[in-house]
Amino acid sequence: MIEKERMTEHVMDIIRIDSLSKKEKDVALRLQKDMEELGAECFYDDAGEKVGGNVGNLIVKLEGNKPGAPPFFLSAHMDTVAPGEGIKPRVLDGIIRSDGTTILGSDDKSGVAVIVETIRAIKENGVPHGDIEIAFTICEEIGLLGSKHIDMSQLRARQGIVLDSSTPDRLVLRCPSAEKVEFAVHGLEAHAGLCPENGISAIQIASEAISNMRLGRIDDITTANIGIIGGGIATNIIPNRVKVVGEARSHDEEILRAQVDHMRSCFHNAVSRYQVTIHDDLSPEGKTHVAKLDEYIERSYDRMDVDIKSRPVTLVDTAVKNLGYDIKHHTSGGGCDANYFNKFGIECANLGTGMYELHTVNEYLVLEEFYRSAEIVLEAIRLNTVLPA
Ligand SMILES: [Zn+2]
């Protein structure tokens, strides 16, 4: 029922439409057209206004043809990371790649195309289905902002599938909680050659803090990273300010809190060790300056942990079995829109679509897995009308 050639052409088409985060409008309009041609109702929520993007989440509703089946939810994100403009996809030996100068954008155009092909196949073949609600989201790549701000009052479905992970050999059930951590160290400016003893180097303090920090893989379920550092003006000035931005993730809230506290105390300890007393004409008895710290900790998203006995997992597992494939339940180290959907009461697992080496110019899409993902979703939707609610 899945038309492989059409699916390949469609994904290439939408990959060619630029859609960096906050600039998803062109691809949204194309998808709106695709879905309206299939008789679905389309509208946008106000998430775009809330996050400063040029379009909101595209919400699509397709009325069921089988009364009694519970409504089902599908989602994939429309935005892509940089470098992602002017992408030139090419197919070779069953694999789609970019020309090597950009990402491919199969993350997550492949998920979008799986959903569109599934709906096409349903319509063409008269597959029985309940109401289907789709969210093509914005700004997933910059902190799950589309799903975070989705207008839940528009959605009735309480179970579904997100298409936004690597391989359809795996169904992602668990994703971590994440915290963003930001530290600004304030030192004291001074001429580096004439009077370095009158300065406090913010860069030195920050590097001391970071060198004492446990980073990378903390344990099986916890990771931490310092990803951005910036500060200083010139080589002959003791730098008075540096900003450091990082994150921590864990599947366990207590371990996450401990890791964030550890990162904070590394900075507090380093900052507390630095002060200078300057004697000059204005203050002959000496004026003491101490280093200072500003910190900003923000929850990025909450963990998800989908019950293996839940309906979406049963539907996918049964679909995979019916089709003669295999699938394993998976714990991921990354967050996705499903983190928010689960939090908001739509129980959903994340199925892979065949995309690899994401967020690099080597990104590629394995077509056999891409097609398989659509077959699984199609069968899961059919089963949703058969399995007792
Ligand atoms: Zn993605």
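As the structure is a computational prediction, the values presented were derived from the model and not from experiment. Counting starts at 1 for both ligands and their atoms, following the listed order. Throughout, numbering of the chain's residues begins at 1 and tracks the sequence.
- The Zn ion (ligand 1) lies closest to atom OD1 when only the N/O/S atoms of D107 are considered.
- Judged as a side chain to side chain donor-acceptor pair (under 3.5 Å), the pairs with a partner in residues 110-129 (not counting sequence neighbours) are, in order, R6-E117, R6-E124, S110-T353.
- Checked for salt-bridge contact, E179 and R299 meet the test: a charged N lies under 4.0 Å from a carboxylate O.
- The Zn ion (ligand 1) has H77 among its coordinating residues (N/O/S atom, backbone or side chain, under 2.8 Å).
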Show me, pair by pair, the donor-acceptor contacts under 3.5 angstrom made by side chains of residues 131-142, not counting sequence neighbours?
residue	atom	partner	partner atom	Å
D131	OD1	G64	N	2.6
D131	OD2	R156	NH2	2.8
E133	OE1	R156	N	2.9
E133	OE1	A157	N	2.8
E133	OE2	R156	N	3.1
T137	OG1	D337	OD2	2.6
E140	OE1	H77	NE2	3.3
E141	OE1	H359	NE2	3.1
E141	OE2	H359	NE2	3.3

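- Aromatic ring pairs are classed by plane angle as parallel below 30°, tilted from 30° to 60° and perpendicular above 60°; the pair Y356 and Y364 is parallel.
- D164 lies close to the Zn ion (ligand 1), since one of its N, O or S atoms is found at a distance under 2.8 Å.
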